[in-house]
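Take a look at the structure set out below.
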Protein chains: 2
Amino acid sequence: MIYAPDIMRGLETFRETIDNIDSAIIHMLAERFRCTQDVGRLKAKQNMPVKDSGREAAQVTRLRSLANGAGLDPDFAERFHAFVVEEVIRQHTAIRMRTDSAI
Amino acid sequence: MIYAPDIMRGLETFRETIDNIDSAIIHMLAERFRCTQDVGRLKAKQNMPVKDSGREAAQVTRLRSLANGAGLDPDFAERFHAFVVEEVIRQHTAIRMRTDSAI
């Protein structure tokens, strides 16, 4: 189906904004994992548990509140947090296994 | 278990950085969904399909390349994209249903 040029230009403008926002998020996520990898190494060295339920609950409360203020669905913010934490725990477990095998 | 104060301070410093990064990401996501909701309304008005596989493939290629440059696992970037697009499609379908029922 063919759409009017002004409709396609409007869509293209939205997509350029979405692409810019995605670039920012990818770089923020890269920096976040650099930081959590440092946390993983610290925890492995100190033999701290990989998972911290108290910290995770506090993060969820904080992110839901931030989402509310920003007009983002708080349930989506909570699912986003769970999605990221799953990857963090996967990485921390891998760091722990490498640390243990280096002893 | 009790850990040395300097260890706990080190952990706390990492967590403050992570919290700041999360705040930035939540606000970026809020703005991203504001933009995709505009796209959803435009598509509904023009009766355009909700899903655009060509656009999605181009986004994945771009995000994987950005992730590579930023030191983020490209597979994680692709999973993040799929996670966000799933929510966008859910929202666009809801917008479409509201638009159709308003006719």
Side-chain angles (χ1 to χ4, degrees), chain A residues 1 3-4 7-8 10-11 13-39 42-43 45-49 52 55 58-59 62-67 69-77 79-81 83-84 86-88 90-91, chain B residues 1 3-4 7-8 10-11 13-39 42-43 45-49 52 55 58-59 62-67 69-77 79-81 83-84 86-88 90-91:
Chain A
M1 190 154 169
Y3 301 97
I7 300 297
M8 293 313 292
L11 186 60
T13 300
F14 283 133
R15 287 178 167 177
E16 283 168 9
T17 298
I18 291 164
D19 284 348
N20 281 343
I21 292 171
D22 280 349
S23 302
I25 295 175
I26 287 294
H27 285 87
M28 285 285 164
L29 284 171
E31 200 55 30
R32 193 190 197 283
F33 283 112
R34 281 164 58 91
C35 200
T36 54
Q37 281 156 16
D38 283 337
V39 170
L42 175 72
K43 283 186 166 183
K45 206 172 160 192
Q46 300 297 326
N47 206 27
M48 287 171 157
D52 184 337
R55 159 75 174 156
Q59 282 177 299
R62 186 176 164 276
L63 294 184
R64 288 187 69 96
S65 168
L66 278 174
L72 179 70
D73 177 1
D75 291 341
F76 178 80
R79 289 202 302 280
F80 168 75
H81 176 259
F83 173 78
V84 171
E86 187 188 329
E87 175 67 12
V88 169
R90 194 191 64 73
Q91 291 186 2
Chain B
M1 191 157 169
Y3 301 97
I7 299 297
M8 292 313 291
L11 186 59
T13 300
F14 283 133
R15 287 179 166 176
E16 283 168 7
T17 299
I18 291 165
D19 285 348
N20 281 343
I21 292 171
D22 280 348
S23 302
I25 295 176
I26 287 294
H27 285 87
M28 285 285 165
L29 284 171
E31 201 53 32
R32 193 191 197 285
F33 283 112
R34 282 165 57 91
C35 199
T36 53
Q37 280 157 15
D38 282 337
V39 171
L42 174 72
K43 283 186 166 182
K45 205 172 159 191
Q46 300 298 326
N47 207 25
M48 287 171 156
D52 184 337
R55 159 75 174 158
Q59 282 177 300
R62 185 175 165 276
L63 294 184
R64 288 187 69 94
S65 168
L66 277 174
L72 179 70
D73 177 2
D75 291 341
F76 178 80
R79 290 202 302 280
F80 168 74
H81 176 259
F83 173 77
V84 171
E86 187 188 328
E87 175 67 12
V88 170
R90 194 190 65 72
Q91 291 186 3

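All chains are named by letter (A, B, ...) in the order of the sequence lines, taking the proteins before the strands, and each is independently numbered beginning at 1.
- Residues I25(B) and I25(A) share a closest heavy-atom pair of CG2-CG2, 4.3 Å.
- Heavy-atom minimum distance, A70(B) versus A30(A): O-CB, 3.4 Å.
- Within the 4.5 Å cutoff, the side chain of Q46(B) has no heavy atoms near those of the M8(A) side chain.
- For a residue to count as touching a neighbouring chain, one of its non-hydrogen atoms must lie under 4.5 Å from one of that chain's; by this rule D52(A) touches chain B with the side chain only.
- Proximity to chain A (any heavy atom under 4.5 Å) is restricted, for K43(B), to the side chain, taken from C-beta onward.
- Under the 30°/60° scheme for interplanar angles, the aromatic rings of F80(B) and F80(A) are found to stand perpendicular.
- Using a 4.5 Å cut-off between heavy atoms, L42(A) contacts chain B through its side chain alone, with no backbone atom that close.
- For chain A, the nearby parts of F14(B) are the backbone and the side chain; heavy atoms of each come within less than 4.5 Å.
- With sequence neighbours left out, E87(A) forms a salt bridge (charged side-chain N to carboxylate O under 4.0 Å, His left out) with R90(A), R79(B).
- Summarising the geometry, atom OH belonging to Y3(A) is positioned 7.0 Å from atom CG belonging to N47(B); distances are rounded to the nearest 0.5 Å.
- When the candidates M28(B), H27(B), R62(B) are compared by the number of heavy-atom contacts under 4.5 Å with chain A, R62(B) comes out ahead.
- Side chains of R55(B) and I18(A) form a contact here, defined as non-hydrogen atoms less than 4.5 Å apart.
- Interface check for chain B: of the options T17(A), D73(A), L63(A), I26(A), the most heavy-atom pairs under 4.5 Å are formed by I26(A).
- In this structure, CG on L66(B) lies 11.5 Å from CG on L29(A), to the nearest 0.5 angstrom.
- Distance alone, capped at 3.5 Å, places no donor-acceptor pair between the R34(A) side chain and the G71(B) backbone.
- By number of non-hydrogen pairs under 4.5 angstrom with chain A, the leading residue of E31(B), R32(B), R15(B), Q59(B) is R15(B).
- Residue with the most contacts toward chain A among N20(B), D22(B), V39(B): D22(B) (heavy-atom pairs, distance under 4.5 Å).
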